[in-house]
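Basis for what follows: all heavy atoms, side chains included, without hydrogens, waters or symmetry-related copies. Residue numbers start from 1 in every chain, and the chains themselves are labelled A, B, ... in the order their sequence lines are given, proteins ahead of strands.
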Amino acid sequence: MFEAEQQLITQRIMAYCSQQGLPVPVLQWTWIPFSGQWGISTSFFQIAADEARREGKKVNIPVRAQEIAQTIALFLGTPAGFERIEAVRGYLNLYFSTAEYTRRVIDTVLDQKEAFGRAHRRNERVMVEFSQPNTHKAFHVGHLRSAILGDVLCRILDSAGYDVVRTNYPGDIGLHVIKWLWNYMNYHKGERPEKDITHWMGDIYAEASRRLEENPEREAEVRALYARWDRRDPEVVSMWQETRQWSLDGFNAMYDLLDIHFDRYYFNSMVEHPGKEVVDELISKGIAIDGRPDEPVIVKIDELLGLKQEKYRVLVVLRSDNTALYATEDLALAKLKFNDYPDLVKSLYVVDVRQSLHFQQVFKTLEIAGYTWADRCQHIPYELVNLPGNVVMASREGTVVLLEDLIREATQRALEVVEQKNPELSSEQKLAIARAVGIGSIKYPMLSRDNTKTVTFDWQAALDFNGQASPYIQYAYVRAGSILRKAGNAVPGSRLPEFPLSPVEIELIDTISRVPNEILRAAEDYRPLNLANLAYDLARVFNDFYNQCPVLQADEPVRAVRLRLVAAARFTIGNVLGLLGITAPQAM
RNA sequence: GCCCCUGUAGCGCAAUGGACAGAGCACCUGCCUUCUAAGCAGAUGGUUGUGGGUUCGAAUCCCACCAGGGGCGCCA
């Protein structure tokens, strides 16, 4: 928020250095550590080191850096907008003139409100594919990470100024679907899901797996059914369409609960045949080697690239019996996306880390085939959600926590707390709060650790609403709203705080002012974690403020400034929660 | 055999190459007649897996090793 001042000072320092014959620095500004004061900081170690190297002298770098910092502090005096300047241990610290900057930060937030933190539009389109659930199967907590991560990535990219296409890619065909249909036709014909659709669909699939495991000889029936599907037997196709829709309805109900939405659906079944066309193209271009009917169609990527060490290895693009693989379909899907949106600057795939090699192979193959957009495809890998003891969630093993069960439990637990704390609210209000808290508690742990780290799910931790968790942040938001309500929701007009601010007030304003940059950083690195941390920092600092600085009881002009600060903090926390896909409730 | 990820407090995690590695959970001691205690204050807790290197400066970058997880021709 202070780029203009920063740039001005950078220029003055650079001019001074070149005038004095010092190496011209590339200055990197950071905030000053050790809270309680507020400003920007840069160091001069690099200049001192460059100078020593240039002159071939052996000097004590920290001492020389401090000398330079001191001379520059003297040269700068106290620049406009700053209260104090100091040279400390090789660092130059510039402290903001608190009153002026406080007013600026608060005014900016209250002026922009819900838009605070959002960057200007870039007119650049990004596609994010995420979630990719399999129809005819259960949706468990392990599937949740892609959905939550992808959704939040979309929110962050949107806020950073990109036009985002939210894309889902359900696995609506494949052996799992045929197995399901086989079981349904033989044992459940005519049944329809009543409630908990996804749960019910998952049960029928699990039952199918069990039956086939107990009676392996019946696999032949499944193969026969797959053949009927391949012939597009009308009875099979219509049953597939109907049952597939049940799954999609079930997913939509869950996406609604989770506040996750899509602009565009690509289905696995859509790219089966186009995939085979891409394979033909690869063969005719001499990229793929056709070993059919005894061997599959393969692309020897390392060989094509002339790599000595194996890196991309060999990609199988079509089975020897002409049936499609994931790779077949992903080749076509990538093409389809750029066909539909030729202006994509990025085509992102939020898929678990085990498929890293697969995506590298697919993207590299497309590049070799001459598709210039191939380098705009990028896999965003994330680690799995496991159960304690490093147990992988797998429907077959029965080691799953179903999303529906988790949502129900978390909401129920939150409802108990609301009942106790706010018995006077209507049951609708209570349920809405319980939903917000319960869903937030499910989402936050998936966002507050790095994408590359495994999340271990356990019920106790998932239902613990204390500490660094979503309810803590939501509660800070509610408290801020509560103060404003008691003040009659009347936020005073802009003013300069002409009295000393307390350290917690300064820290709160400081943290608020960092939001716009943190959003850009999160978007650049595809890392929601930055914002999950920032949301918590905001809440923690606000709670400090809440406990130390009375607002309603304060005398003017302190009261007016604090009311404005509370309003600004509330918008900021609400906005960051929004980026995390977490609802900010009005009461708790 | 080749490649990727992870290793930080008892536990699970955080930390733009920068100043003193930080919060949470658990444990202990306090704080509700005061803007909601889903909160706050205080106490305990560290050779950042090991050994080298680069750098003025390394948890962070490079190399080697150790430990755990994952991926490597017709699974998805």
Under 3.5 Å between N/O atoms: give me all the protein pairs with nucleotides 62-71 of chain B, atom names plus distance.
residue: B:rG71; atom: N2; partner: A:Arg313; partner atom: NH2; Å: 3.4

Expected string for nucleotides 23-35 of chain B under the B/S/- scheme (protein heavy atoms, under 4.0 Å, primed atoms plus P, OP1, OP2 as sugar-phosphate) is SSS---------B

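- Residues satisfying the salt bridge (charged side-chain N to carboxylate O under 4.0 Å, His left out) test with A:Glu505, not counting sequence neighbours, are A:Arg562.
- In this structure, A:Tyr312 places its OH atom 12 Å from P of B:rC4, rounding to the nearest Å.
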For RNA chain B, what dot-bracket results from Watson-Crick or G-U pairs at under 3.5 Å, with [ ] for crossers and | for inter-strand partners? (((((((..((.(....[...).))..((((.......))))......(((((..]....))))))))))))....

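- Under the side chain to side chain donor-acceptor pair (under 3.5 Å) criterion, A:Asn322 pairs with A:Arg292, not counting sequence neighbours.
- Residue A:Lys300 has no polar side-chain atom (N or O) positioned under 4.0 Å from OP1 or OP2 of B:rG73.
- Listed by chain and number, the residues in a salt bridge (charged side-chain N to carboxylate O under 4.0 Å, His left out) with A:Asp302 amount to none (sequence neighbours excluded).
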Under 3.5 Å, N/O pairs linking protein and nucleotides 58-60 of chain B:
none

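- Residues that satisfy the side chain to side chain donor-acceptor pair (under 3.5 Å) test with A:Asn533, not counting sequence neighbours, are absent from this structure.
- For B:rG52 and B:rA9, the C1' atoms lie 27 Å apart once the distance is rounded to whole Å.
- Listed by first and then second residue, the salt bridge (charged side-chain N to carboxylate O under 4.0 Å, His left out) pairs that reach into residues 515-526 of chain A are A:Glu518-A:Arg521, sequence neighbours excluded.
- Judged as a salt bridge (charged side-chain N to carboxylate O under 4.0 Å, His left out), and not counting sequence neighbours, A:Glu213 has no contacts.
- In this structure A:Glu383 satisfies the salt bridge (charged side-chain N to carboxylate O under 4.0 Å, His left out) test with no other residue, sequence neighbours excluded.
- Between A:Glu51 and A:Arg54 there is no salt bridge, since no side-chain N of the basic residue sits under 4.0 Å from a carboxylate O of the acidic one.
- Within residues 316-325 of chain A, the residues approached by RNA chain B to less than 4.0 Å at the level of any non-hydrogen atom are A:Val316, A:Arg319, A:Ser320, A:Leu325, in residue-number order.
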